[in-house]
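Sharing a structure with you now.
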Amino acid sequence: MSNPNFNENDIHHPVVAQEGMVASQEALATQAGVEILRQGGNAADAAIAVGFALAVTLPRAGNIAGGGNLMVFTQASGGVATLDYREQAPAAAQATMFQSRDGKVEAERAWSTHEGVAVPGTVRALYALHERHGSLPMPELIAPSIRLAREGFIVWPELSWHLGLYASLLRRNAATRAIFLRPDGEPWAAGERLLQQDLANSLEAIAAGGAAVFHGGSVGQAITADMRKHGGHITEEDLAAFTAVWREPLRSSYRGHEVVSIPPSSSGGLCLLLMLNMLEGYDVAGLGAQTAGGLHLLSEVMRRAYAERSDQLGDPAFWDNPVDKLLSKDFAAELARGIDPAAATPSLQLKTAPGYVEPGSETTSYTIVDRQGNCVVNTYSLNANYGSGIVALGTGILLNNCMHNFPFKIGEVSVR
């Protein structure tokens, strides 16, 4: 949905300085990253600062109670590593937990209730990134986000509009309503100051005590207390057991250029490389940008890649993903042979038809490059905009609704 109040002044451009480059979706978080680079921090340090800052200034997607994937390039070694910190199901989760007694799917329970919250991994991941690549002390990296939460920041027009767009969700939970809406229940207007004192307290506790404060300590205990009170399933044991996993990236090539991307549990990297492999057999430049033929080809390539995604990919902890097959140039050529340049292929003909999913803007990504040429790219999310819409009482922390990503019923594809 377009924003009727949007104007070009709302665009937050990357900041390029002598110390490096920071590109994120929100200007204050970008500035937090630049601040760390100017203090002598490296790309990992700045990425940590931006990650925490976005939890304050971009509440619809920035988070400390969600999950995602990040990629690190180290200039000195030329090496690339990825960190998988996707949210996990609580130990008490069951395959039928979002079904009624007669087997009817009750998807709304996964969307905006405590039951829909999966075990988050962002805090564990940012500390894991610091342990391997950070240089400045962690409290210095969290300090900008604490300041933004404690002192507040001026609401910009797009944020005000977006809070209004989701006001009905934000009104459902008292703790959420008290932060993101005015006392009269209306969204904060552009030019007003948004203060988040509970979130500042949580960030200060994490800065002082480390990831353990969130994953089972005082902040985690407040989250699990809210879970128990409202029928959620996350326990202190779930939080303590969460581990962010370093994985080898996926590698392929496109017309002589090496392409490196995120492996499962993310599906995006495999889909991207599969699509590029299919496109390699076509004169893409000859078709031209934004032409009917070019757009048709892209649509057909994407249609096939996402059919394979739906049919073949899963959590690597439980599923043997056919990575080598999906990265094979021969396999891509075989898929591409089914493309008719003059007609669209019905999706129902391509294995599991995932159904229609409304495109969204619930995930955010940011990129940091430091003066040494080191690079960090991080993509993380609460799943939906503002996640479940629930703030754990006393923490100021918005909780994800990532249990909605799991199938609600075995043998059926879950769509929004």
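Here the structure is a predicted model, which means the values were calculated and not measured.
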### Task
For A55, enumerate each residue passing the side-chain contact (heavy atoms from CB on, under 4.5 Å) test, keeping only those at least two apart in sequence or located in another chain.
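Partners of A55 under the side-chain contact (heavy atoms from CB on, under 4.5 Å) test: I64.
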### Query
What side chain to side chain donor-acceptor pair (under 3.5 Å) pairs are there with at least one residue in residues 280-299, not counting sequence neighbours?
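Pairs touching residues 280-299 that pass the test: E280-K329.
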### Message
Regarding E300 and R303, does a basic nitrogen lie under 4.0 Å from an acidic carboxylate oxygen?
### Response
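Salt bridge: yes.
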### Non-neighbouring partners of A49 that pass side-chain contact (heavy atoms from CB on, under 4.5 Å), sequence neighbours left out
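Residues passing side-chain contact (heavy atoms from CB on, under 4.5 Å) with A49: I36.
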#### Entry: D340 atom CG, neighbour heavy-atom count above 12 within 6.0 Å
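Count over threshold, so yes.
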### Query
How would you list, by chain and number, every residue that makes a salt bridge (Lys or Arg N to Asp or Glu O under 4.0 Å) with E106, sequence neighbours excluded?
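Partners of E106 by the salt bridge (Lys or Arg N to Asp or Glu O under 4.0 Å) criterion, ordered by chain and then number, come out as R109.
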### Task
Go through the structure and list residues passing side chain to side chain donor-acceptor pair (under 3.5 Å) with R124, not counting sequence neighbours.
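R124: no side chain to side chain donor-acceptor pair (under 3.5 Å) contacts found.
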### Task
Using the ring-ring contact (aromatic ring centres under 6.0 Å, His included) rule, collect all pairs that involve residues 59-92, keeping only residues at least two apart or in two chains.
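Sorted result for residues 59-92: empty, none.
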### Query
Which pairs with one or both residues in residues 146-155 pass side chain to side chain donor-acceptor pair (under 3.5 Å), sequence neighbours excluded?
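As it turns out, the side chain to side chain donor-acceptor pair (under 3.5 Å) pairs with a partner in residues 146-155, which skip direct neighbours, are E35-R147, R150-Q197, R150-N201, R150-E204.
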Just list the side-chain donor-acceptor pairs under 3.5 Å for residues 184-191, sequence neighbours left out, or say none.
residue, atom, partner, partner atom, Å
D184, OD1, E186, N, 3.0
D184, OD2, R182, NH2, 3.2
W188, NE1, I179, O, 2.9

#### Entry: ring pair (Phe, Tyr, Trp, His ring centres under 6.0 Å) partners of H233, counting only residues at least two apart
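If we apply the ring pair (Phe, Tyr, Trp, His ring centres under 6.0 Å) test to H233, skipping adjacent residues, there are no hits.
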#### Entry: Candidates R60, E26, Q25 - the one meeting side-chain hydrogen bond (donor to acceptor under 3.5 Å, both in side chains) with T364
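Passing option: Q25.
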### Task
Please list, chain by chain and in numerical order, all residues satisfying salt bridge (Lys or Arg N to Asp or Glu O under 4.0 Å) with E108, sequence neighbours excluded.
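For E108 the salt bridge (Lys or Arg N to Asp or Glu O under 4.0 Å) partners, ignoring immediate neighbours, are R172.
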### Query
With sequence neighbours excluded, what pairs up with D226 under the salt bridge (Lys or Arg N to Asp or Glu O under 4.0 Å) test?
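D226: no salt bridge (Lys or Arg N to Asp or Glu O under 4.0 Å) contacts found.
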### side chain to side chain donor-acceptor pair (under 3.5 Å) involving Y386 - partner list, sequence neighbours excluded
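Partners of Y386 under the side chain to side chain donor-acceptor pair (under 3.5 Å) test: H162.
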### Message
Can you tell me how far apart CE (M71) and OG (S365) are? Round to the nearest 0.5 Å.
### Response
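Reported to 0.5 Å precision, the distance equals 10.5 Å.
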### Task
Decide whether S265 and D84 meet the rule of one side-chain donor and one side-chain acceptor closer than 3.5 Å.
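A pair is found: one side chain offers a donor N or O, the other an acceptor, under 3.5 Å apart.
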### Message
Check this for me: Q372, atom CD, are more than 12 non-hydrogen atoms of other residues, nucleotides or ligands nearer than 6.0 Å?
### Response
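It does: Q372 CD has more than 12 such atoms within range.
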